[in-house]
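I have placed the structure first, in the form of structure tokens, so that the comments after it can refer back to it.
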Amino acid sequence: MSNFAPLFPLLVPSFSSKGNLLLRQPDGTYISDNYSLLQKLDSRVSKSYLVSAYDVYYGLMPRNPHDMPETEYLFIDSGGYETNDSFDLSERNKFNYHVMPWDKDKMKEVYYNVISCPKFQNAVTILSIHDTLGPFKQQLSEALSLGKEFPNAIIDFIIKICFPFECLLDEISKAKTLLQSIQIIGITEKELGYTVRDRLRNLIRIKKALSICDWSGSIHIFGGLEPNLAKLYYLAGADIFDGLSWQRMFYRNNASIYNPESFYISLPEHENKFLMMVDNLSVLQDVSNNLSAIFDMRTVKMNLMDSYLASNDMTIGELLTVMEV
């Protein structure tokens with residue numbers, strides 16, 4: 001098993017065909033605009049990035065792993081996001097997205113190709129489990145099985161919270177021994193709760209439940225890359241954040257907004273998008289550096305946040321101020 005020990009937080013820029021431009025090629029096929037954007041960003045994503053197995057399989061992203069940039073931490077998502085009917089909260093293009101056939105075997109085919117690619121032999125590859133809607137034990141069994149099949153990869157155990165939240169905490173307690181084989185537990189931002197307050201409080205409860213089990217792994221929030229929210233999720237116990245908002249809006253002046261005033265009128269949309277993404281990567285690096293400096297204070301700040309969430313109603317900005325992040 002690979003050792004997963006990056007400097008936290010790990011802010012992972014994600015790439016996906018869903019909600020993005022599809023560009024027609026001379027041979028009549030289509031690729032996502034993310035295909036060329038990923039290749040053009042190249043060394044700018046040398047720390048980490050995430051791509052979908054679904055996009056790779058269908059050529060919407062580079063099908064050959066050799067055509068993807070080198071990176072230290074390569075996250076391959078199961079393709080569940082591209083094949084379900086939900087959208088990232090930041091998406092503007094919620095158009096009809098044609099979903100092609102997808103299953104676990106196709107996902108594993110992509111996983112095998114990436115794992116066996118010499119280009120990524122020195123990288124840490126993180127593989128998400130196939131979306132499993134079922135009891136917690138079944139989901140955990142899926143993660144452990146995938147780990148045995150890909151022993152040189154890190155398995156990202158994405159928990160689908162399709163049962164009462166209290167049951168999740170109880171199941172975590174019961175699975176104390178088995179969870180020691182899991183290095184990353186993932187949860188989608190949406191499934192943590194209906195409001196930001198609910199999500200933060202539930203994340204804190206999960207973190208505390210895992211700590212009681214002496215679990216020393218990392219929590220991954222899928223869809224939680226927006227800087228201001230990532231800061232709060234980090235203090236609430238999460239370590240890894242990915243999402244698509246960095247492709248949708250500018251991260252500027254402590255705000256995330258869609259504002260085309262910086263777009264060049266002589267450039268097509270995907271080229272202006274590239275310049276925005278480069279700008280956002282710089283912001284994410286600054287956020288990561290600032291948060292890593294308070295790593296040792298997280299437990300204290302988490303307990304402080306928990307008390308504020310229990311007794312106060314405030315804006316995200318006000319909460320960031322009192323938490324001093």
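No hydrogens, no waters, no symmetry mates; every other heavy atom, side chains included, goes into these values.
The structure places CG of L291 at 11.5 Å from CE of M297, a figure rounded to the nearest 0.5 Å. To the nearest 0.5 angstrom, I172 atom CD1 is 4.5 Å from L210 atom CG.
A salt bridge links K106 with D103: the distance from a Lys NZ or Arg NE/NH1/NH2 to an Asp or Glu carboxylate oxygen falls below 4.0 Å. Salt bridge K160/E142: absent, no basic N to carboxylate O contact under 4.0 Å.
Side-chain contact between Y111 and E149: absent, with no pair of heavy atoms (C-beta onward) separated by less than 4.5 Å. D77 has its side chain within reach of I158: a pair of non-hydrogen atoms, C-beta onward, lies under 4.5 Å apart. Taking the side chain as every heavy atom from C-beta outward, D55 and F15 never approach each other to under 4.5 Å. Side-chain contact check for N303 versus K208: some heavy-atom pair is nearer than 4.5 Å. Side-chain contact between L127 and I76: present, with at least one pair of heavy atoms (C-beta onward) separated by less than 4.5 Å. Using a 4.5 Å heavy-atom threshold, the side chains of L74 and Y49 count as touching. Two residues are said to be in side-chain contact when any heavy atoms from C-beta on lie closer than 4.5 Å; I212 and S173 fail this criterion. Annotation: side chain of N64 is not in contact with side chain of K119 (no heavy-atom distance under 4.5 Å).
Partners of T29 according to the side-chain contact (heavy atoms from CB on, under 4.5 Å) rule, which considers only residues two or more places apart in sequence or in another chain, are Q25, D27. Remark: L178 engages L140, L144 in a side-chain contact (heavy atoms from CB on, under 4.5 Å) (not counting sequence neighbours).
Ring-centre distance between F157 and F136: below the 6.0 Å cut-off. In this structure, F150 has its ring center closer than 6.0 angstrom to the ring center of Y112.
Criterion: ILVMFWY side-chain heavy atoms under 4.5 Å apart, direct or through other members. Under it, Y264 and M277 are part of a common hydrophobic cluster. Under a hydrophobic clustering in which Ile, Leu, Val, Met, Phe, Trp and Tyr are joined whenever their side-chain heavy atoms come within less than 4.5 Å, directly or via other members, Y194 and L192 fall into different clusters.
Ring geometry for H220 against F222 counts as parallel: the plane angle stays under 30°, on a 0 to 90° scale with 60° as the upper cut. The aromatic rings of F295 and Y234 sit tilted relative to each other, their planes meeting at an angle between 30° and 60°. Classified by interplanar angle (parallel below 30°, tilted 30° to 60°, perpendicular above 60°), the ring pair F263/F250 is tilted. Using bins of under 30°, 30° to 60° and over 60° for the plane-to-plane angle, the ring pair F241/Y233 lands in the parallel bin.
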Note to self: Under the criterion side-chain contact (heavy atoms from CB on, under 4.5 Å), I'd like the reasoning laid out for L275 against L267: C-alpha separation, chi angles, the key distance, then a yes or no.
What the structure shows: CA-CA 10 Å; L275 296 175; L267 295 180; 4.0 Å; yes

Note to self: Using side-chain contact (heavy atoms from CB on, under 4.5 Å), reason through L235 and L304 one step at a time and then give a plain yes or no.
What the structure shows: CA-CA 10 Å; L235 297 184; L304 178 61; over 6 Å; no

Next item on the list: List the steps and the verdict of side-chain contact (heavy atoms from CB on, under 4.5 Å) for Q247 and N280.
Entry: CA-CA 8 Å; Q247 297 193 36; N280 286 342; over 6 Å; no

Next item on the list: Show your reasoning for whether salt bridge (charged side-chain N to carboxylate O under 4.0 Å, His left out) applies to D279 and R252.
Entry: CA-CA 9 Å; D279 192 67; R252 287 184 175 176; 3.2 Å; yes

Next item on the list: Assess whether side-chain contact (heavy atoms from CB on, under 4.5 Å) is satisfied between Q285 and N289, documenting all intermediate values.
Entry: CA-CA 6 Å; Q285 184 60 59; N289 292 341; 2.9 Å; yes

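Exactly one of L225, D242, N34 qualifies for a side chain to side chain contact (heavy atoms under 4.5 Å, CB included) with S14. That residue is D242.
Between the side chains of E109 and N113, no donor-acceptor pair is found at a separation under 3.5 Å. Between the side chains of E82 and S17, not a single donor N or O lies within less than 3.5 Å of an accepting N or O. Using a 3.5 Å distance cut-off with no hydrogens or angles, the side chains of Y251 and S245 do pair a donor with an acceptor. Checking N84 against K18 by side-chain atom types alone, a donor-acceptor pair falls below 3.5 Å. Side-chain N/O atoms of S32 and N20 include no donor and acceptor closer than 3.5 Å.
Of the possible polar contacts, none joining the S46 side chain to the T71 backbone as a donor-acceptor pair under 3.5 Å is found. Looking at R197, its side chain does come within 3.5 Å of a backbone N or O of L309 through a donor-acceptor pair.
A pairwise comparison of heavy atoms in L284 and P227 identifies CD2-CG, 4.3 Å as the closest pair.
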